[in-house]
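Note that the coordinates shown come from a computational prediction; the quantities given were computed from them, not determined experimentally.
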Amino acid sequence: MYRDISRLVIYRNLGEHSILRALADCCEALDHGDYQREALVSRIYGEINKLLDLSTQYGFDNNLWHCYLAYLLATNENPFSITCEKSGATDGSVNAFAKSDFRIFKNLFEYDFSALEHALGIDCFSVVRHYHAIPKKEQRYNKSVSDKVKLLAREIDAAQDENEVFTVVTDFYREHGVGMFGLNKAFRILHEDDAELCLEAIKNTDDVRLDDLVGYQIQKQMLIENTEAFVAGGKANNCLLFGDAGTGKSTSIKAILNAYYPQGLRMIEIYKHQFKDLSAVIARIKHRNYRFIIYMDDLSFEEFEIEYKYLKAVIEGGLETRPDNVLIYATSNRRHLIRETWSDRSDMSQDELHRSDTMQEKLSLAARFGVAINYSAPSQKEYFHIVRELAAREPSITLSEAELDREANKWAVRHGGVSGRTAQQLILHLTGRQLFTEE
């Protein structure tokens, strides 16, 4: 095993602490007779523990060794794999190196651990190659990544040689992409121990669809048209979804991600205290073959907050232009994003000679969003319609329309007025009450 790994070219960067490299070192120690049994067994069990942790994180099953090797190929970002994402294999001398590496991975798929197990008196590799995982709720792991990696593992296992593996892997890159951006749809910003910026995949996103949001057809259509133009590689605008609380602004953006993820749309969530990192984030993603929406939820600023200046520069105004594969979508309860006071509208102030200039500076942020979509609170009639539509999707709710309207009216009075959110909360309440009554 260790000889094979030393011959890798394209996929040589496995990580200093990778399970594969550590197990190769264990095999080398065994072959050279340079080991103490208990210490070597302990090292192997430590790597098996890492393999089980990874398998739990991604919901792997059956042959965990195959799943792990497929995971390495699916997540290894190198010039070859990045070039293949969304376009597949192309002619070039690099293909000879790729096929050589795939021959090594095919050998690793078929590696026989029986001699190692016999020499050390262990059977852990036999167990992980015929592993029956305890069923887990999908919220415990990323099902999308799990399904893709397990499919890749099965196809590599069935391949006859490195040429077939080459086709399987490059087709996988073309269809699903590579690495974190290829396998996941949403991300957040992290700083670990004051280290450089990194992006972390959000493993479980809401599986919400635009049809789940009752009403707001004009608003949804505006968002769809802008996003479709963006995903297709055309010109598109940054979007600001503003209006009353609970009207479906955030739901619409989450639904857009789910709808266009198969077409290469990805989303990065960022909070206003992280705006100083915007330029670094864009630098990380501007050369990738995906379309990225930088998502800012519930965006607003008080007078003393200056983070909006970072945002203005990134959207429009800095020397470096925003890449064509990046848009900004934001939601806010405020149309103009930054809190205004009556003194802003007057040039008379003890603090500043030209307050109108301050007002223009504040308004200019919202003006940088080319598409502004208003989500206003529903009328009482529209609210009742939303409640009825949502109730029709729940078989356990058997109330008549008149009864639903009465319940909806009482719920709105007690819970802050009419909105799509209060309608959804009422349906959850009625569903739970019905289940409790049946018990």
Side-chain angles (χ1 to χ4, degrees), residues 54 56-60 71 74-75 85-86 135-151 175-190 197-214 216 219-220 223-224 226-228 230-231 238-241 245-272 274 277-278 281 284-285 288-299 325-332 373 375 390 393 420-421 424-425 427-428:
L54 184 71
T56 299
Q57 182 180 353
Y58 288 100
F60 297 155
Y71 173 79
T75 58
E85 69 180 4
K86 298 301 177 186
K136 298 176 286 294
K137 294 182 178 180
E138 291 181 7
Q139 287 79 4
R140 293 283 304 279
Y141 66 95
N142 191 328
K143 188 176 187 301
S144 175
V145 175
S146 175
D147 290 344
K148 293 170 186 173
V149 172
K150 288 190 289 187
L151 175 61
E175 183 175 355
H176 302 295
V178 61
M180 176 175 60
F181 294 132
L183 296 178
N184 299 278
K185 64 173 70 171
F187 310 88
R188 63 169 64 92
I189 294 176
L190 283 182
L197 174 144
C198 64
L199 295 175
E200 179 188 56
I202 300 174
K203 296 176 183 177
N204 296 294
T205 56
D206 287 341
D207 189 24
V208 63
R209 306 292 166 177
L210 284 169
D211 289 342
D212 295 337
L213 181 63
V214 180
Y216 299 97
Q219 291 88 337
K220 290 189 289 187
L223 193 60
I224 288 171
N226 192 72
T227 306
E228 286 186 345
F230 177 56
V231 171
N238 300 307
C239 285
L240 173 63
L241 282 61
T247 50
K249 301 182 294 293
S250 300
T251 299
S252 295
I253 293 181
K254 294 173 185 176
I256 282 290
L257 173 61
N258 292 327
Y260 296 98
Y261 163 67
Q263 299 178 33
L265 184 65
R266 303 294 184 265
M267 190 168 288
I268 300 174
E269 185 175 38
I270 187 169
Y271 300 99
K272 62 184 177 183
Q274 299 171 322
D277 297 320
L278 272 169
V281 170
R284 287 277 302 274
I285 63 180
R288 296 304 296 267
N289 197 15
Y290 303 98
R291 296 277 156 171
F292 292 91
I293 288 176
I294 297 179
Y295 171 45
M296 305 168 182
D297 189 35
D298 197 18
L299 186 63
N325 70 330
V326 177
L327 279 186
I328 295 175
Y329 281 15
T331 69
S332 178
I373 307 174
Y375 281 70
L390 295 177
R393 301 172 186 177
R421 180 179 296 151
Q424 182 63 61
Q425 291 169 347
I427 297 304
L428 292 174

Could you tell me the separation between the OG atom of S332 and the CG atom of L299, rounded to the nearest 0.5 Å?
6.0 Å
For a side-chain contact (heavy atoms from CB on, under 4.5 Å) check, start with the C-alpha distance between T205 and M267, then their side-chain angles and the critical distance, and finish with the verdict.
CA-CA 11 Å; T205 56; M267 190 168 288; over 6 Å; no
Using 0.5 Å steps for rounding, measure from the CD1 atom of I373 to the SG atom of C239.
5.0 Å
Excluding sequence neighbours, so at least two apart, what forms ring-ring contact (aromatic ring centres under 6.0 Å, His included) with F230?
none
Take V149 and Y58 through the side-chain contact (heavy atoms from CB on, under 4.5 Å) test and state the conclusion after the steps.
CA-CA 9 Å; V149 172; Y58 288 100; over 6 Å; no
Closest approach of N238 and I328, non-hydrogen atoms and distance?
OD1-N, 2.9 Å
Which atom of Y290 lies closest to which atom of V178, heavy atoms considered
OH-N, 3.3 Å
Hey, what do you get for CG (L241) to CD1 (I253), rounding to the nearest 0.5 Å?
5.0 Å
Criterion side-chain contact (heavy atoms from CB on, under 4.5 Å) against V231, the qualifying member of N226, L265, I256, I293
L265
Does the side chain of M296 reach to within under 4.5 Å of the side chain of I270, using non-hydrogen atoms?
yes
Any side-chain donor-acceptor pair under 3.5 Å between Y375 and T331?
no
State, with a plain yes or no, whether a side-chain heavy atom of Y329 is found less than 4.5 Å away from one of T227.
yes
Do E175 and K148 meet the salt-bridge criterion of a basic N to acidic O distance under 4.0 Å?
no
Report the C-alpha separation of L390 and R393 in whole Å, then their side-chain angles, then the decisive distance to 0.1 Å, and conclude whether the side-chain contact (heavy atoms from CB on, under 4.5 Å) test is met.
CA-CA 5 Å; L390 295 177; R393 301 172 186 177; 3.8 Å; yes
All heavy atoms of K254 vs all of V208, minimum pair found to be CB-CG1, 3.7 Å
Decide, yes or no, whether a salt bridge links E269 with R188 under the criterion of side-chain N to carboxylate O below 4.0 Å.
no
Are D207 and N258 packed together at the side-chain level, in the sense that at least one heavy-atom pair is separated by less than 4.5 angstrom?
yes
Go through D298 and K272 one step at a time and tell me if the side-chain contact (heavy atoms from CB on, under 4.5 Å) criterion holds.
CA-CA 10 Å; D298 197 18; K272 62 184 177 183; over 6 Å; no
Side chain of N325, backbone of I285: donor and acceptor closer than 3.5 Å?
yes
About how many Å separate CG of D277 and CG of L199, when rounded to the nearest 0.5 Å?
9.5 Å
Are any of the side-chain heavy atoms of S252 and L213 separated by less than 4.5 Å?
yes
Exercise: identify the closest heavy-atom pair between A255 and R209
CB-C, 3.6 Å
Would you mind reporting whether V281 and Q274 have side-chain heavy atoms less than 4.5 Å apart?
no
Could you point out which residue of R291, R266, K185, E228 forms a side chain to side chain donor-acceptor pair (under 3.5 Å) with Y260?
E228
F187 and F292 aromatic centres sub-6.0 Å:
no
Specify the closest pair of heavy atoms between S146 and G59, including all atoms of both residues, with the distance to one decimal.
OG-O, 3.2 Å
